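Data first, discussion second: the structure below is written as structure tokens.
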2 protein chains.
Amino acid sequence: MSKNENRRDLLPGTLEMLILQTLCRSALHGYAIAQDIQQASGDLLQIEEGSLYPALQRLLREEWVSAEWGISARNRRVRTYRLTPSGRKQLKHEVTTFGRLLEGIARVMRPLES
Amino acid sequence: MSKNENRRDLLPGTLEMLILQTLCRSALHGYAIAQDIQQASGDLLQIEEGSLYPALQRLLREEWVSAEWGISARNRRVRTYRLTPSGRKQLKHEVTTFGRLLEGIARVMRPLES
DNA sequence: TGCTTTACCTAGATTATCTTTGCCTAGTAT
DNA sequence: ATACTAGGCAAAGATAATCTAGGTAAAGCA
């Protein structure tokens, strides 16, 4: 009866960075953002819709992305998100912060190398 | 008036791995674990006590660490934590998972390299 | 005496993610 | 016609992890 066990979809605290980075390449609608990230990661990451949309709301609130309604290539009503200039700055900032934390983790995890 | 702003102490979801790794080198009491991680990371990471002790409780509950009371070199009452065999297995597992997620993130963040 | 450091711990708030559910539309199969 | 599937948006509630803030206490020093 136990089913999924321990599988983790992504590293908490990195979703916004991933979204901003994805939008940095091209404006996309929500559903496509999730697919894009999953594909680009080679299926190592997966974005649940219940994580995605709240995250997009946060990004909108901070004005790091803008959104407008439109029609997709598949003829569906879509909301397309676009990186703002301030969002681009934020992306840079998050990349820096993430890199710093990662370096810290790396040092703790391999403490024996000079 | 604004003071610290955005500073992040660590990457959510990595604390247990860091603790396990630290205890893998030697048994330590709680306070020392936090100091050790901070030092080993070159001050890039910082463990708040309000994060540390709940995390240690979780690790105890899962029996990934054991604990016993004693007296420190500074003559203070301390609770010393030690990695269990099952904790060592868990550490390996967490390292693997973390590596996988990291690889996924890396692919998303540098999509242009072949 | 009082201050600082070391050391433990908990409660509550905050935040992020996941699970679940709901709604709607277009295209396709029956 | 009807049903099913995929694409698309979003909110509600649960769960989990971290942070803020506090409280306890003992050792050592001024």
Side-chain angles (χ1 to χ4, degrees), chain A residues 2-20 28-39 45-62 65 67-81 94 97-98 101 105, chain B residues 3-20 28-39 45-62 65 67-81 94 97-98 101 104-105:
Chain A
S2 73
K3 37 156 70 100
N4 68 343
E5 202 55 38
N6 233 357
R7 204 183 200 75
R8 262 159 96 186
D9 293 335
L10 51 81
L11 206 50
T14 60
L15 179 55
E16 296 190 1
M17 180 180 73
L18 293 169
I19 293 175
L20 292 175
L28 291 172
H29 63 272
Y31 198 88
I33 294 172
Q35 288 183 321
D36 194 280
I37 290 177
Q38 185 166 350
Q39 273 198 341
L45 305 180
Q46 182 179 346
I47 317 297
E48 302 298 329
E49 297 191 10
S51 310
L52 174 68
Y53 290 107
L56 287 171
Q57 295 305 318
R58 295 195 294 272
L59 297 177
L60 276 173
R61 208 185 314 125
E62 303 285 349
V65 307
E68 57 185 89
W69 287 97
I71 304 290
S72 81
R74 289 186 193 73
N75 203 27
R76 265 171 195 79
R77 203 169 128 276
V78 291
R79 198 173 185 196
T80 297
Y81 296 86
E94 295 207 7
T97 297
F98 179 72
L101 293 175
I105 291 172
Chain B
K3 37 156 69 102
N4 68 345
E5 201 55 37
N6 234 355
R7 201 178 203 79
R8 262 160 96 187
D9 291 336
L10 51 82
L11 206 50
T14 62
L15 178 55
E16 296 191 359
M17 179 180 74
L18 293 170
I19 293 174
L20 292 176
L28 290 173
H29 64 272
Y31 199 86
I33 294 172
Q35 289 183 321
D36 193 280
I37 291 177
Q38 185 165 351
Q39 273 198 343
L45 306 180
Q46 182 180 346
I47 317 296
E48 302 297 331
E49 297 191 12
S51 311
L52 174 69
Y53 290 106
L56 287 171
Q57 295 305 317
R58 295 194 296 271
L59 297 177
L60 276 174
R61 211 184 314 125
E62 304 285 348
V65 306
E68 56 185 271
W69 288 96
I71 303 292
S72 80
R74 288 186 193 74
N75 203 26
R76 264 172 194 77
R77 201 170 130 276
V78 290
R79 198 173 185 193
T80 298
Y81 296 86
E94 295 207 8
T97 298
F98 179 72
L101 293 175
I105 291 172

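The chains referred to below are lettered A, B, ... by the order of the sequence lines, with proteins before strands, and numbering in each begins at 1. These figures come from a predicted structure and were not determined experimentally.
Remark: P of D:dG7 and CD1 of A:Ile33 are 16 Å apart, rounded to the nearest angstrom. Note: CG (B:Leu28) to P (C:dT6) measures 15 Å, nearest angstrom. Atom pair A:Glu94:CD and C:dA16:C1' shows a separation of 13 Å (rounding to whole Å applied). As rounded to whole Å, 14 Å separates atom C1' of C:dT14 from atom CG of B:Asp9. Taking atom OH on B:Tyr31 and atom P on D:dA26, their separation rounds to 17 Å, with Å as the unit. Atom CD in B:Gln38 sits roughly 12 Å away from atom P in C:dT6 (whole-Å rounding). Atoms CD (A:Glu68) and P (D:dG8) sit 16 Å apart, rounded to a whole Å.
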side-chain contact (heavy atoms from CB on, under 4.5 Å) evaluation trace for A:Val65 with A:Leu20: CA-CA 8 Å; A:Val65 307; A:Leu20 292 175; 4.0 Å; yes
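Remark: B:Gln38 engages B:Asp43, B:Gln46 in a side chain to side chain contact (heavy atoms under 4.5 Å, CB included) (not counting sequence neighbours). Legend: residues meeting side chain to side chain contact (heavy atoms under 4.5 Å, CB included) with A:Tyr53, ordered by chain and number and at least two apart, are A:Tyr31, A:Glu49, A:Leu56. In this view, B:Arg58 and B:Glu16, B:Pro54, B:Ala55, B:Arg61 satisfy the side chain to side chain contact (heavy atoms under 4.5 Å, CB included) rule, not counting sequence neighbours. Under the side chain to side chain contact (heavy atoms under 4.5 Å, CB included) criterion, B:Arg79 pairs with B:Gln57, B:Leu60, B:Ala67, B:Trp69, B:Tyr81, sequence neighbours left out.
Screening A:Leu15, A:Asp9, A:Leu10 for a side-chain contact (heavy atoms from CB on, under 4.5 Å) with A:Ser51, the sole residue that qualifies is A:Leu15.
Residue A:Thr97 holds its OG1 atom at 10.0 Å from CE of A:Met17, rounded to the nearest 0.5 Å. A distance of 4.5 Å separates CD1 of B:Ile37 from CD1 of B:Ile47, quoted to the nearest 0.5 Å. Interatomic distance, CG of B:Leu28 versus CD of B:Gln35, reported as 10.0 Å (0.5 Å rounding).
Across B:Thr14 and B:Leu11, no two heavy atoms sit closer than the pair OG1-O, 2.6 Å. The heavy-atom pair separating B:Arg77 from B:Ile71 by the smallest distance is CA-CD1, 4.2 Å.
Considering only side-chain atoms of B:Glu48, the nucleotide from C:dT19, D:dT20, C:dC9 that sits closest is D:dT20.
Residues from residues 49-60 of chain A lying near DNA chain D, meaning a heavy-atom separation below 4.0 Å, are A:Glu49, A:Gly50, A:Tyr53 in numerical order. Residues from residues 11-19 of chain B placing a heavy atom under 4.0 Å of any atom in DNA chain D, listed by number, are B:Pro12, B:Gly13, B:Thr14, B:Leu15. Residues from residues 69-80 of chain A with heavy atoms under 4.0 angstrom of DNA chain D, sorted by number: A:Trp69, A:Ser72, A:Arg74, A:Arg76, A:Val78, A:Arg79.
With B:Arg76 contributing its side chain and B:Arg74 its backbone, the two residues share a donor-acceptor pair below 3.5 Å.
Within the 4.5 Å cutoff, side-chain heavy atoms of B:Ile19 are placed close to those of B:Leu52.
Each end of the helix from C:dT1-D:dA30 to C:dT30-D:dA1 gets its own axis, taken as the rotation carrying the C1' atoms of four end pairs onto the next four within a five-pair window, and the two axes meet at 0° to the nearest 10 degrees.
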